[in-house]
Amino acid sequence: LISLSYDKDNPLSWKAIEAMGHVAKAHVSAQDIEPLRNTIRKLLWSMTDESGGIGWRAAELIGEIIYAEPSLFSDIIPILWSQREEGSFLESVLRSMIKLSNKINLSDYIKINKEELENLLIHENDEIKALAAILISKIKSHIPIPEDIKNIILSVYTRGNIIKLKTSKAEKFL
């Protein structure tokens, strides 16, 4: 699943990430958490310079594992959030946090700095702006979202397909 997740333009990549969530749920149901923790360790390692590789979508894979049962991985959520500091993982981290915000109150696990979110709204990358706007909405922050960001087209995976939606409509699928 990890090797299938690299190409974000390929629907198979998104399906692999989704499948990781199903695998994680099965392990949680069987109370077999250690393989999931080992996978998280490997994914975090793939996000470091020392690994020699690059886990482009590792944060989303980790997010899917955590989503299966956040209380079992509460120690990982701050580590995952910290990966946003590496620019190449920012989009993947934001997507993970958006998904997790559907199940948990993120502020119970991490400190999300208002100024940082405001800065993400003026990021050079439109997808980052759009994802930041969605995260702001999901965590119910009172940061105003500029109108132009609501019209940014964002790739969203739903029902086995990648679709393109305006930010204002994409939120309900993330």
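Computed from a predicted model, the values in this text were never measured in an experiment. Throughout, numbering of the chain's residues begins at 1 and tracks the sequence.
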>> So, using salt bridge (charged side-chain N to carboxylate O under 4.0 Å, His left out) as the criterion, who are the partners of Asp126 when residues are at least two apart?
In response: Lys129
> Mind checking what makes side chain to side chain contact (heavy atoms under 4.5 Å, CB included) contact with Asn119, not counting sequence neighbours?
Replying inline: Ile122
>> With a 4.5 Å cut-off on side-chain heavy-atom distances among I, L, V, M, F, W and Y, is there a chain of contacts connecting Leu4 to Met47?
In response: no
>> Walk me through whether Thr39 and Met20 qualify under side chain to side chain contact (heavy atoms under 4.5 Å, CB included).
In response: CA-CA 10 Å; Thr39 300; Met20 182 64 80; 4.2 Å; yes
>> I'd like to check Ile136 versus Leu120 (side-chain heavy atoms, cut-off strictly below 4.5 Å). Are they in contact?
In response: no
> For Asn38, what residues pass the side chain to side chain contact (heavy atoms under 4.5 Å, CB included) criterion, not counting sequence neighbours?
Replying inline: Glu34, Arg41
Less than 3.5 Å apart, which donor and acceptor atoms pair up between the side chains of residues 66-76 and the rest of the protein, not counting sequence neighbours?
{"unit_1": "Glu69", "atom_1": "OE2", "unit_2": "Ser71", "atom_2": "OG", "d": "2.7"}
{"unit_1": "Asp75", "atom_1": "OD1", "unit_2": "Arg37", "atom_2": "NH2", "d": "2.8"}
{"unit_1": "Asp75", "atom_1": "OD2", "unit_2": "Arg37", "atom_2": "NH1", "d": "3.2"}

>> Could you report the tightest heavy-atom contact between Leu94 and Ala132, atom names first, then the distance?
In response: CD1-N, 4.3 Å
> About how many Å separate CG of Leu165 and NZ of Lys172, when rounded to the nearest 0.5 Å?
Replying inline: 8.0 Å
> Rounded to the nearest 0.5 Å, how far apart are CG of Leu1 and NE2 of His22?
Replying inline: 10.5 Å
>> If the condition is side chain to side chain contact (heavy atoms under 4.5 Å, CB included), which residues does Pro35 pass it with, not counting sequence neighbours?
In response: His27, Asp32
>> Let me confirm one number: the CD1-CD1 distance from Ile62 to Ile40, rounded to the nearest 0.5 Å.
In response: 6.5 Å
> From Ile79 CD1 over to Ile110 CD1, what is the distance, rounded to the nearest 0.5 angstrom?
Replying inline: 12.5 Å
> Got a sec, which residues hit side chain to side chain donor-acceptor pair (under 3.5 Å) with Ser13, two or more places apart in sequence or on another chain?
Replying inline: Arg57
> Checking side chain to side chain contact (heavy atoms under 4.5 Å, CB included) for the pair Asn102/Leu174: CA distance, chi angles, key distance, verdict?
Replying inline: CA-CA 8 Å; Asn102 292 321; Leu174 296 173; 5.6 Å; no
>> Checking Ser92 now: which residues fulfil side chain to side chain donor-acceptor pair (under 3.5 Å) with it, not counting sequence neighbours?
In response: Glu60
> Quick one: CG on Leu61 to CD1 on Ile17, what's the gap to the nearest 0.5 Å?
Replying inline: 5.0 Å
>> I need the full list of salt bridge (charged side-chain N to carboxylate O under 4.0 Å, His left out) pairs touching residues 107-123, with sequence neighbours left out, sorted by first then second residue.
In response: Arg84-Glu116
>> Once rounded to the nearest 0.5 Å, what's the spacing between atom OG of Ser96 and atom CD of Gln83?
In response: 10.5 Å
>> Does anything in residues 90-105 form a salt bridge (charged side-chain N to carboxylate O under 4.0 Å, His left out)? List the pairs, not counting sequence neighbours.
In response: Lys8-Glu91, Glu64-Lys99, Glu91-Arg95, Arg95-Glu127
Just list the side-chain donor-acceptor pairs under 3.5 Å for residues 149-158, sequence neighbours left out, or say none.
{"unit_1": "Lys150", "atom_1": "NZ", "unit_2": "Glu147", "atom_2": "OE2", "d": "3.0"}
{"unit_1": "Ser155", "atom_1": "OG", "unit_2": "Lys164", "atom_2": "NZ", "d": "2.8"}
{"unit_1": "Tyr157", "atom_1": "OH", "unit_2": "Glu18", "atom_2": "OE1", "d": "3.0"}

>> Between Ile139 and Leu135, is there a side-chain heavy-atom distance shorter than 4.5 Å?
In response: yes
>> Would you say Ile162 ends up clustered with Ile98 if hydrophobic residues are merged whenever their side chains have heavy atoms under 4.5 Å apart, either directly or through other cluster members?
In response: no
> With sequence neighbours left out, what residues match Glu171 under side chain to side chain contact (heavy atoms under 4.5 Å, CB included)?
Replying inline: Ile134, Ser137, Lys138
>> Less than 4.5 Å apart, side chain to side chain, heavy atoms only: is that true for Val23 and Ile65?
In response: no
> Does Leu131 belong to the same Ile/Leu/Val/Met/Phe/Trp/Tyr cluster as Phe173, with side-chain heavy atoms less than 4.5 Å apart forming each link?
Replying inline: yes
> Can you name the residues that form a side chain to side chain donor-acceptor pair (under 3.5 Å) with Ser107, not counting sequence neighbours?
Replying inline: Asn105
> Are Trp14 and Met97 connected, step by step, through hydrophobic side chains (Ile, Leu, Val, Met, Phe, Trp, Tyr) whose heavy atoms are closer than 4.5 Å?
Replying inline: no
